[in-house]
Amino acid sequence: MKSLLKYPAFNAICVSLFSAFYGYVFIFTAAHYEYQDVLYYIKPTIHGGWFMPAWAHFLELGGHGLIAIALLIATAVLDVLLLTRRRLYDEYHTAILSQCLSAAIMLMILAVAVFYLAVLSVPNGIVEKFTLFISIHWVTVVCSEFAFVLKCRWS
């Protein structure tokens, strides 16, 4: 695996496939009423603090489509930065990429734990919680790759 990390195009392909999948799902569900019908925290009789109803309202308005567009644009910029690199990454750069990916994995593990606790504490609203979980995961992956690319550009 480490030998593949040397290739900027490999990194671009991986992040692009990841973003394309989530982008498709987010944009597709943002335009469907069936998604809005399964949102739990938009019901006026449900009290879930301040965050979950606000998040559910954001999702009801198709806000996750905006998240997808923003992250797809970020991925496109990231791909341009990766694909315009003319040489392979050396051992130093692959070590940095490994650290960035490790940070993303650690944040993902933390997000899984928080997600699990949120579902255990109140099993209702799973769609809102899972969409929040995936959004955090996606942002973490794109940002960690951006951190790597920017660090390697100026080091």
Could you tell me which residues satisfy side chain to side chain contact (heavy atoms under 4.5 Å, CB included) with F21, sequence neighbours excluded, listed by chain and number? V25
Pairs satisfying side chain to side chain donor-acceptor pair (under 3.5 Å), at least one member in residues 8-24, at least two apart: S16-D79, S19-T75, S19-W138
Any F148 side-chain heavy atom under 4.5 Å of L101 side chain: no
Inter- and intrachain pairs under side chain to side chain donor-acceptor pair (under 3.5 Å), touching residues 101-114, at least two apart: none
For L83, what residues pass the side chain to side chain contact (heavy atoms under 4.5 Å, CB included) criterion, not counting sequence neighbours? A9, A12
Report all side-chain donor-acceptor pairs from residues 64-74 shorter than 3.5 Å, counting only partners two or more places apart or in another chain.
residue	atom	partner	partner atom	Å
H64	NE2	T29	OG1	3.1
H64	NE2	A30	N	3.3

Atom pairs and distances, donor-acceptor, side-chain atoms in residues 107-116, under 3.5 Å, two or more places apart:
none

Atom pairs and distances, donor-acceptor, side-chain atoms in residues 53-62, under 3.5 Å, two or more places apart:
residue	atom	partner	partner atom	Å
W55	NE1	E128	O	2.9
H57	ND1	E60	OE1	3.4

The criterion is side chain to side chain contact (heavy atoms under 4.5 Å, CB included); which residues satisfy it with S121, sequence neighbours excluded? none
Could you list the residues that satisfy side-chain hydrogen bond (donor to acceptor under 3.5 Å, both in side chains) with Y89, not counting sequence neighbours? none
Through direct or indirect side-chain contacts below 4.5 angstrom among Ile, Leu, Val, Met, Phe, Trp and Tyr, which residues connect to L17? I13
With sequence neighbours excluded, tell me which residues meet side chain to side chain contact (heavy atoms under 4.5 Å, CB included) with V122. Y41, N124, K129
Quick one: do F133 and I105 end up in the same hydrophobic cluster if we chain Ile, Leu, Val, Met, Phe, Trp and Tyr together by side-chain heavy atoms under 4.5 Å apart? no
Listed pairs under 3.5 Å, donor-acceptor, residues 139-146 side chains, sequence neighbours left out:
residue	atom	partner	partner atom	Å
T140	OG1	I136	O	2.6
S144	OG	T140	O	3.2
S144	OG	V141	O	2.9

I'd like to check Q99 versus K151 (side-chain heavy atoms, cut-off strictly below 4.5 Å). Are they in contact? no
